[in-house]
Amino acid sequence: METITAEPFDSGGLDINALLDAKKERGRGEHGWFPKGPRSFDWLLRHRCVRDYVDNYTSKSTRTQRLYVLEKVLKAGRLTDPDQLLKLSESQAKTLIKRVCQFYIQRGKQSYARIVSITMRGFFEAHDRELRFKRSEKVRTPRLVKINIEHIPSKVEVYRMADVARSLRNRAIILSLYQSGVRPGCLCNWTYGLVAQQLYPEMKGPVQLRITPDLDNKLNLYGLPYYITFLAQEGAVALRDHVDERKKRYGWTPKSGDRIFVTASSASKGEPIGLDGVWSVIKFAAEQAGLDPKSVWPKVLRKSFRKTLNATETLDEDTKEALMGHRLPGSRGNYFDYHDIDEVREKYLRVDWSREGVNGGKLKELGEANKDLEERVSSLENRNKELMIYMLAEKAGIVPMASPQELHRIPTEDLERALGDHVTRTGREAMLSSAKEASPTYKLGKMIGKKIKSK
């Protein structure tokens with residue numbers, strides 16, 4: 001965790017106005033939307049040292065964030081050129097960074113102070129300069145604690161969200177996130193060429209998706225060149241319906257590199273949709289479906305995907321991880337065949353993606369509970385059987401002169417066998433005794449004995 005210590009704030013060397021988020025007046029366009037304009041940090045991209053730094057980031061949102069922070073620090077330090085920042089001594093650079101971080105910490109923006117520290121250290125490291133903060137110089141920010149209000153929708157809830165999503169595009173976004181399990185940023189980068197041959201002229205289900213670092217830049221962190229996932233029947237139909245609507249309604253003539261999901265607002269219609277657009281879709285659908293929108297966001301649909309995979313008992317753990325786009329650890333990755341797509345497709349089809357099928361989680365829990373109950377009942381029955389054997393063995397005198405403690409040390413299998421022999425022997429003796437009593441000689445002797453006693 002990034003740490004920086006708060007010390008008394010000295011504003012003498014800072015331009016405070018540069019750090020304040022001043023509200024600017026913006027005019028509205030023809031349709032009432034705020035038109036797009038140039039970014040305040042665009043001037044930074046004219047400098048080679050800035051381009052060399054931001055080119056290390058492949059995520060558009062991360063690049064934008066880093067440029068905004070760099071601009072704020074430069075203006076706060078009254079620097080007009082990013083090269084001037086690199087000419088500062090180590091002491092001067094650390095002092096500037098600490099003061100900017102302290103400014104945000106004292107205003108309760110600890111997270112942003114952490115981003116400032118990460119950005120500036122990264123900028124200097126990109127130019128072979130490492131800023132080393134001593135323990136007493138570090139700006140300390142409190143540990144980030146995630147508020148646990150997350151709700152992972154069940155299969156029924158996901159389909160309900162899709163049904164009330166208001167448009168074919170929104171429906172396709174929800175089902176694509178759920179049935180493929182891709183990250184939200186990856187979905188924004190889907191192109192027509194990714195799925196065209198599997199949707200037209202006839203649909204080939206499940207639709208196979210080859211996810212590369214161009215679509216999901218997080219694969220670079222795992223060192224994965226690609227991974228394979230799929231889109232089940234209803235998700236594929238929703239995706240084709242959305243593409244057909246764009247072709248028919250908006251006259252779209254798709255090319256292989258065209259994005260599938262674009263914005264629908266009047267001001268920026270046809271622009272590739274961003275993460276903020278996907279968030280809006282998920283939040284709206286969650287609210288319409290009767291869920292708390294504060295507890296549902298795009299990432300939880302990826303968790304719903306994993307939840308459904310986990311409900312399939314015949315699906316091995318390595319395949320689940322591979323479908324999620326995770327690198328398998330150690331030797332498991334060496335022995336997993338990433339190239340056997342037919343096997344992975346067959347395993348994906350074992351999962352019940354239909355809306356009629358139950359989510360499986362509750363049934364699995366009940367099944368495990370019943371199994372546990374059966375084991376407990378069986379254990380009690382065995383224990384009762386053991387106690388009964390010891391009690392009968394003691395009464396029958398199977399082991400003469402043995403105390404109860406000594407008897408309990410004898411294996412129940414041996415006692416059960418001895419008890420069976422005892423019962424067989426006793427039954428045989430009883431039968432012989434009955435036969436003897438039924439003989440004429442025995443009856444005559446018994447009658448004589450009674451007469452003798454009566455005299």
Side-chain angles (χ1 to χ4, degrees), residues 1-2 52-66 114-115 118-119 121-122 125-126 144 146 150 152 173 176-191 193-195 206-232 235 257 259-261 272-275 278-279 282 297-312 315-348 350-351:
M1 184 189 74
E2 182 62 23
D52 289 344
Y53 166 58
V54 297
D55 285 345
N56 293 325
Y57 300 99
T58 56
S59 171
K60 182 179 178 181
S61 60
T62 303
R63 288 165 58 94
T64 300
Q65 183 191 68
R66 299 294 190 260
R114 180 173 177 271
I115 292 172
I118 292 172
T119 300
R121 286 193 299 107
E125 288 174 4
L144 297 176
K146 184 175 180 180
E150 179 181 82
I152 301 176
I173 287 175
S176 295
L177 285 173
Y178 168 59
Q179 293 187 353
S180 68
V182 297
R183 297 177 178 89
C186 173
L187 184 78
C188 297
N189 296 327
W190 281 14
T191 61
L194 180 68
V195 296
V207 172
Q208 177 181 311
L209 303 169
R210 181 185 173 91
I211 308 301
T212 61
D214 292 337
L215 299 174
D216 186 353
N217 56 51
K218 200 163 187 179
L219 296 188
N220 290 322
L221 300 178
Y222 297 135
L224 285 176
Y226 72 93
Y227 77 92
I228 300 296
T229 186
F230 300 90
L231 197 58
R259 300 285 180 86
I260 292 178
F261 297 109
I273 195 170
L275 281 175
V278 177
W279 270 71
I282 301 303
W297 47 86
K299 183 68 176 287
V300 300
L301 292 185
R302 178 169 161 84
K303 295 186 178 182
S304 295
F305 171 79
R306 181 55 186 255
K307 188 176 181 180
T308 306
L309 294 182
N310 289 339
T312 307
L315 202 61
D316 59 275
E317 195 65 26
D318 287 352
T319 300
K320 295 176 187 177
E321 292 294 311
L323 288 171
M324 293 286 292
H326 294 159
R327 172 173 283 281
L328 301 179
S331 60
R332 288 169 55 190
N334 297 333
Y335 287 95
F336 186 83
D337 190 355
Y338 290 92
H339 305 288
D340 194 347
I341 299 174
D342 291 336
E343 180 183 359
V344 179
R345 178 186 291 107
E346 186 272 330
K347 290 181 178 179
Y348 178 87
R350 296 179 191 172
V351 183

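Position 1 is the first residue of the sequence; numbering continues from there.
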Enter the distance from I211:CD1 to R183:CZ here, rounded to the nearest 0.5 Å. 10.0 Å
Distance, nearest 0.5 Å, that separates OG1 of T312 from OH of Y348: 10.5 Å
Looking at every heavy atom in both N56 and A126, which two are closest together, and how far apart are they? ND2-CB, 4.0 Å
Are R306 and E317 within salt-bridge range, i.e. N to O under 4.0 Å? yes
If I compare all heavy atoms of T191 with all of G257, which pair ends up nearest, and what's the gap? CG2-O, 3.7 Å
Measuring from C186:SG to L194:CG, what's the distance to the nearest 0.5 Å? 8.0 Å
E150 vs W297 side-chain heavy atoms within contact, under 4.5 Å: yes
Test item: R327 side-chain N/O and G223 main-chain N/O as donor-acceptor pair under 3.5 Å: yes
Any non-hydrogen side-chain atom of N310 less than 4.5 Å from a side-chain atom of K320? yes
Side-chain heavy-atom pair T229, M324 within 4.5 angstrom cut-off: no
Does the side chain of N189 come within less than 4.5 Å of D214's, by heavy atoms? no
Of all the heavy-atom pairs spanning S304 and I152, show the shortest one and how long it is. OG-CG2, 3.5 Å
Taking atom CG of L301 and atom NZ of K307, what is their separation to the nearest 0.5 Å? 11.5 Å
Closest non-hydrogen atom pair between R302 and G181, with its separation: NH1-O, 2.5 Å
Rounded to the nearest 0.5 Å, how far apart are CG of L187 and CG of L177? 4.5 Å
Where does the angle between the aromatic ring planes of F261 and W190 fall among parallel (under 30°), tilted (30 to 60°) and perpendicular (over 60°)? tilted
Apply the side-chain contact (heavy atoms from CB on, under 4.5 Å) test between C188 and each candidate in V278, V182, L215, I173; give the one that qualifies. V278
Establish, yes or no, whether the cationic atom of R210 lies under 6.0 Å from the six-membered ring centre of Y226 and within 45° of the ring axis. yes
Are side-chain heavy atoms of F230 and K347 found at a separation under 4.5 Å? no
Whether Q179 side chain and A232 backbone form a donor-acceptor pair below 3.5 Å: yes
What distance do F305 atom CZ and L323 atom CG have between them, rounded to the nearest 0.5 Å? 5.0 Å
Charged tip of R66 within 45° of Y53 ring normal and under 6.0 Å: no
